[in-house]
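Each remark here refers to the structure printed beneath this line.
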Amino acid sequence: MAITQAPSSVPRGPVTAKLNFSHPPPPGVQAFNWVDKAPEGQPLRNLTLDTRAVPITDIRGRESEFTLDKDAFQVIPNVPASAEESGSGSNFTDDASIAANYYPEVEKLLLDAIPGSTRVFIFDHTIRRADPNAHRKAVQQVHIDQTPYSAVLRVKRHMGDDADALLQGRYRIVNVWRPLNKNPVESMPLGFASSSSLQAQDIIPVEHRNLGGYIGQTAAIAYNPSQRWYYLSGMTGNERLLLECFDSEGLKEGSGVAGGRVPHTAFEDPRTRADAEGRESIEVRALVFGP
């Protein structure tokens with residue numbers, strides 16, 4: 001992908017923007033969300049939003065200061081154009097083509113970027129489009145994609161006979177995020193908070209219930225003024241943002257890993273011009289094992 005020079009209309013620098021947190025449910029009540037539709041007579045979800053104006057720091061020019069072990073996010077610059085964007089690729093319009101062309105590139109990127117990693121299993125991807133009628137659009141609610149409970153479920157679900165042995169070592173879930181726009185992102189940037197600023201009481205486990213009976217789990221986030229929020233202005237297609245959803249080392253005292261789970265959300269930057277191009281993106285989620 002040819003990356004054009006960032007236009008002057010790209011919002012840069014610190015900003016205060018509204019983020020949608022969640023109010024914790026009453027004591028003893030399990031937060032839930034029905035994935036497709038709720039059973040008759042039941043609500044789709046039982047959490048209510050708590051919208052707050054939050055200062056968000058632009059990390060452009062400081063990307064190398066942030067690491068997975070300390071912050072649970074990391075920026076990978078200067079990534080070569082994907083085979084999915086040229087030749088026989090579908091330009092991120094066909095799932096089978098994405099799996100054939102882009103997944104191997106993501107696997108190599110993770111093995112190269114995460115010291116000691118020995119094995120990667122990619123289990124899904126999501127494409128978000130700016131079209132108001134798109135099936136998946138940018139999510140404007142602060143959340144974490146996985147919890148310790150759902151991370152174990154993922155390993156057991158995908159790794160077969162190797163699962164028990166893999167659960168004895170270090171295992172992580174990492175979301176590899178990139179924009180699909182040809183120009184630098186102007187609207188609906190992704191905000192993320194350093195894991196080291198997140199308190200355990202901020203995390204609200206949410207059951208993702210399916211009518212077929214399977215129950216997964218993500219996490220909503222309660223507002224806490226100690227959280228430190230960031231974004232990367234004008235992201236381009238040759239940059240990748242690693243979002244660590246879970247790291248088993250983050251559960252261990254003295255491991256040097258500050259939590260290993262990153263809250264994130266799309267947000268509306270109040271400086272964005274009215275006719276700015278809508279942000280489009282792909283996120284690939286992977287199990288990463290080792291060391």
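Along the sequence shown, residues are numbered consecutively beginning with 1.
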inquiry  = What I want to find out is whether Lys182 reaches Glu85 closely enough, with some N-O distance under 4.0 Å, to be called a salt bridge.
reply    = no
task = State, without any angle test, whether Thr147 and Arg261 hold a side-chain donor-acceptor pair at a distance under 3.5 Å.
result = no
Counterpart residues, side-chain hydrogen bond (donor to acceptor under 3.5 Å, both in side chains), relative to Asp275 (two or more places apart) = Arg273
task = Give a yes or no on whether Trp177 and Ile282 share a hydrophobic cluster (residues Ile, Leu, Val, Met, Phe, Trp, Tyr; joining criterion: side-chain heavy atoms under 4.5 Å apart).
result = no
ask   = For Ala113, what residues pass the side chain to side chain contact (heavy atoms under 4.5 Å, CB included) criterion, not counting sequence neighbours?
value = Ile76, Leu242
ask   = Among all residues two or more places apart in sequence or in another chain, which pass the salt bridge (charged side-chain N to carboxylate O under 4.0 Å, His left out) test with Arg62?
value = Glu65
query = Among side-chain atoms of Asn224 and Ser226, is any donor-acceptor pair under 3.5 angstrom?
reply = yes
request  = Answer yes if Leu167 and Tyr149 sit in the same cluster of Ile, Leu, Val, Met, Phe, Trp and Tyr residues linked by side chain heavy atoms under 4.5 Å apart, and no otherwise.
outcome  = no
ask   = With sequence neighbours excluded, what pairs up with Asn175 under the side-chain hydrogen bond (donor to acceptor under 3.5 Å, both in side chains) test?
value = Asp145
inquiry  = Going by side-chain hydrogen bond (donor to acceptor under 3.5 Å, both in side chains), name the residues that satisfy it together with Ser187, two or more places apart in sequence or in a different chain.
reply    = none
key: Nearest-0.5 Å distance, OG1 of residue Thr265 to CG of residue Asn20   = 6.5 Å
In one Ile/Leu/Val/Met/Phe/Trp/Tyr side-chain cluster, 4.5 Å: Val79, Met235 = no
request  = Please work out which of the three classes, parallel, tilted or perpendicular, describes the rings of Tyr231 and Phe267, given edges at 30° and 60°.
outcome  = perpendicular
inquiry  = Could you see if Tyr171 belongs to whatever hydrophobic cluster contains Ile122? Use Ile, Leu, Val, Met, Phe, Trp, Tyr and a side-chain cutoff under 4.5 Å.
reply    = no
task = Output the distance between atom OG (Ser22) and atom OH (Tyr223), rounded to the nearest 0.5 Å.
result = 14.5 Å
message = Could you check whether Arg157 makes a cation-pi contact with Phe123, meaning its NZ or CZ is under 6.0 Å from the centre of the six-membered ring and within 45° of the ring axis?
response = no
For Pro39, side chain to side chain contact (heavy atoms under 4.5 Å, CB included) partners two or more places apart = Trp34, Gln42, Leu211
